[in-house]
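Below, chains carry the letters A, B, ... as their sequence lines are ordered, and counting in each starts from 1.
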Number of protein chains: 2
Amino acid sequence: MKLQQLRYLREVIRCNLNITAAAAALHTSQPGVSRQIGLLEEELGLRLFRRSGRSLKQLTPAGAILARQIDVLLNQAEQIQRMAADLSAPDQGTLTIATTHTQARYLLPPVVSRFRERYPKVRLHLNQGTPQQVSAMVTQGEADFALATEALEHTEMLLALPCYRWGHCLLVPSEHPLNAIRPLTLEAITDFPIVTYIFGFTGRSRLDAAFSDRGLTPNVVLKAADADVIKTYVRLGLGVGIIANIAYEPDKDTDLSALDASALFGCNITRLGIRRDDFLPRYAYDFIEMLAPHLSRECIEQSRELSQQQLDEAFGFGAALSGSG
Amino acid sequence: MKLQQLRYLREVIRCNLNITAAAAALHTSQPGVSRQIGLLEEELGLRLFRRSGRSLKQLTPAGAILARQIDVLLNQAEQIQRMAADLSAPDQGTLTIATTHTQARYLLPPVVSRFRERYPKVRLHLNQGTPQQVSAMVTQGEADFALATEALEHTEMLLALPCYRWGHCLLVPSEHPLNAIRPLTLEAITDFPIVTYIFGFTGRSRLDAAFSDRGLTPNVVLKAADADVIKTYVRLGLGVGIIANIAYEPDKDTDLSALDASALFGCNITRLGIRRDDFLPRYAYDFIEMLAPHLSRECIEQSRELSQQQLDEAFGFGAALSGSG
DNA sequence: CCCCATTACGTAGCACGTAACAATG
DNA sequence: CATTGTTACGTGCTACGTAATGGGG
């Protein structure tokens, strides 16, 4: 039994039992993969795949059981390699962060600056995507951790650590009538066309919930994936914007006013998503601590053992907040 | 990184950093091991051993960290192989049981008979030893499971599942004056010389505790490791025996009387010891179920996740019983 | 001077790639 | 007939064993 054979097997399964695709993904020849799978089956004394003619149709029950264990083993092997890399050169390596627009654009820049100063030799990758893509990147091991407000707490594979809380704000041109209304109400907002996020982005679900709880139907005339697009259309006078309040930049957005709406829409929690069984190098923990000082290495390592529910309790969040907010 | 290199490394560490001994244990050449260790260090980019001149003095801190992870990985690899063997030929293989005299001599014979009938192709090994040896055999992977009344619950590595409870009995010649004393008391027993187990065997600690709780000092004239020896000396009239009541065989011991003493000495629990992270083939679970019907496969697999304390609670034993009984 | 690890060197095995082949839809 | 997996075959790498070398206690 060779580690390579197990890697081949894993890749074949990942490629929906397509040996050709697996070989391509592994940058090796197709017959080589086929052969090693065959040898592995021979050594283990059982068929891992149910074949119909020449093509692999499905995993045998035994194959499925073993594949699960083999995944664990390969993860462990990769962890050992990462640990060795970290131990041999603690300030070198790669850090890949999967994140959404809002975090990448407004939250991370200062953290990235500090990090690059502290660890100039670490190659930093920022992968932007939708919350779902971000979550998938981490679960599939393509990124070291994720940062997003949505979708991270949906799988027990990930540890979704609360990073910080934020609310929404209303974005209006300086001369807009809403500037005069105090206190701001959902009803007042509903009188105007609205420009905000598409569903599943940056707390959009919380906005919808707030309106529908009051029996209101907002007139959303434009849905965008990020605050920059929203600002552009607010400037064109298309409607009033609702964005994350961290996305308002007082220095640059001097032609717009931000009216805090945290009280209306409730607060959101941006979470840090880490694979439960993943080893992270020292600099990754340092990055996280720069981002959220309460998430020390010690704190994270203790959290790994907890269920998501226990975690939320430990951090003092009820079920309401740990939902789709 | 090859599995073989990791196996070599593990063996070198097991052999107290002696490469020559490790090579011998692995049935391979000494330079081969030396070379592979070197290649592994090169690939990982760090020294695993602190060398003084040519000999390995100790593990480096990094080496120690990695060695722990590597142990986990190799265990996982071996587990996969065992699982494959079980899946490919569920009624073939080897079952090694580590146990003490009492269990091997009085408890296991009928179970073994049934098992051999059901699984004629399984090679069954019974390894007898002291409770400490028995425990060590399982923790070191030399046996699949252990059966003993003592020493198994001392390490969290093992799952010590309660198998059955038993008490002691007093063994006396047919004409002995104690036959007439009802009810039996500790004081009455203390009037006679006693023949029983050496310390650490078959509930001996419970006997001592019972006497000392009453402020009594028994006159133990012979200490033996097993009931057969004890019976022999009781027959010679050396004293009265105190043995596990399962060790009294009414058919064969017709010249001796057994007086139940469970009430005097309390009950003991014989436990089944399994490595928490170990995979057992189907026939092993069947053996266990023949031995103790309440220990189904399902029950055991659920127990693996529990701490020893949770386990004792689940089985309804308090701290008093889970002690050295 | 003995013990032990490393280096040197030759060999045998095996993983891999190219090419040809088989089978399925 | 296109796609995919298996068999055939040659090659280059490498793990391993034997032998020689180097260092400590």
Item checked: Basic-acidic side-chain contact under 4.0 Å: Arg51(A), Glu41(A) -> yes

Next item on the list: Decide, yes or no, whether a salt bridge links Glu301(A) with Arg297(A) under the criterion of side-chain N to carboxylate O below 4.0 Å.
Entry: yes

Next item on the list: Report the C-alpha separation of Glu78(B) and Arg275(B) in whole Å, then their side-chain angles, then the decisive distance to 0.1 Å, and conclude whether the salt bridge (Lys or Arg N to Asp or Glu O under 4.0 Å) test is met.
Entry: CA-CA 14 Å; Glu78(B) 281 150 17; Arg275(B) 282 184 49 179; over 6 Å; no

Send over the distance from [X] [atom1] to [N] [atom2], rounded to a whole Å.
X        : N       : atom1 : atom2 : value
Ile19(A) : dT4(D)  : CD1   : C1'   : 9 Å
Ile37(B) : dA15(D) : CD1   : P     : 13 Å
Leu56(B) : dG25(D) : CG    : C1'   : 15 Å

Check: In residues 25-33 of chain B, which residues come under 4.0 Å of DNA chain D by heavy atom?
Finding: Thr28(B), Ser29(B), Pro31(B)

Item checked: Nucleic acid contacts of residues 1-11 of chain B, taken as heavy-atom distances under 4.0 Å to DNA chain D -> Lys2(B), Gln4(B), Tyr8(B)

Next item on the list: Give a yes or no on whether Arg7(B) atom CZ has more than 12 heavy-atom contacts from other residues, nucleotides or ligands under 6.0 Å away.
Entry: yes

Notebook entry, point to check: Within a reach of under 6.0 Å around CZ of Arg116(B), are more than 12 heavy atoms found that belong to other residues, nucleotides or ligands?
Noted result: no

If we only count heavy atoms from C-beta on, is the [X] to [Y] side-chain gap below 4.5 Å?
X         : Y         : answer
Phe49(A)  : Ile37(A)  : yes
Leu73(B)  : Ile80(A)  : yes
Leu95(A)  : His125(A) : no
Leu291(B) : Leu147(B) : yes
Gln128(B) : Gln133(B) : no

Next item on the list: Anything under 4.0 Å to a heavy atom of chain B counts; send over the first and last such nucleotide of DNA chain C, read 5' to 3'.
Entry: dC4(C) to dT7(C)

Checklist line | Angle between terminal axes - the helix from dC1(C)-dG25(D) to dG25(C)-dC1(D), 5 pairs each end, rounded to 10° | finding: 30°

Checklist line | Nearest non-hydrogen partners of Met83(B) and Ile65(A), listed with the distance | finding: CE-CG2, 3.1 Å

Next item on the list: Would you give the length of the straight line joining atom CG of Leu46(A) to atom CG of Leu66(A), rounded to the nearest 0.5 angstrom?
Entry: 6.0 Å

Notebook entry, point to check: Say you draw a straight line from CG of Leu295(B) to CE of Met290(B); how long is it, rounded to the nearest 0.5 Å?
Noted result: 14.0 Å

Notebook entry, point to check: What do you reckon, are the aromatic ring centroids of Phe287(A) and Tyr119(A) less than 6.0 Å apart?
Noted result: no

Check: Near DNA chain C, under 4.0 Å by heavy atom, which residues of residues 40-52 of chain A?
Finding: Ser52(A)

Is there any protein nitrogen or oxygen under 3.5 Å from a nitrogen or oxygen in nucleotides 9-11 of chain D, and what are the pairs?
none

Item checked: Touch class at under 4.0 angstrom, heavy-atom based, for Leu17(B) against every strand present -> sugar-phosphate

Note to self: Using side chain to side chain donor-acceptor pair (under 3.5 Å), reason through Thr149(A) and Thr202(A) one step at a time and then give a plain yes or no.
What the structure shows: CA-CA 6 Å; Thr149(A) 307; Thr202(A) 321; over 6 Å; no

Margin query: Show, in sequence, the C-alpha distance, side-chain angles and deciding distance for Gln69(A) and Gln76(B), and conclude whether the side chain to side chain donor-acceptor pair (under 3.5 Å) test is met.
Written below: CA-CA 8 Å; Gln69(A) 299 298 315; Gln76(B) 176 70 6; 3.1 Å; yes

Notebook entry, point to check: Passes side chain to side chain donor-acceptor pair (under 3.5 Å), Gln36(B) versus Gln5(B)? Steps please.
Noted result: CA-CA 6 Å; Gln36(B) 291 309 316; Gln5(B) 295 174 328; 3.0 Å; yes

Item checked: Arg82(A): which of Asp278(A), Asp277(A), Asp144(A) passes salt bridge (charged side-chain N to carboxylate O under 4.0 Å, His left out) -> Asp278(A)

Check: Between the base of dG23(D) and the side chain of Arg54(B), is there any donor-acceptor pair under 3.5 Å?
Finding: no

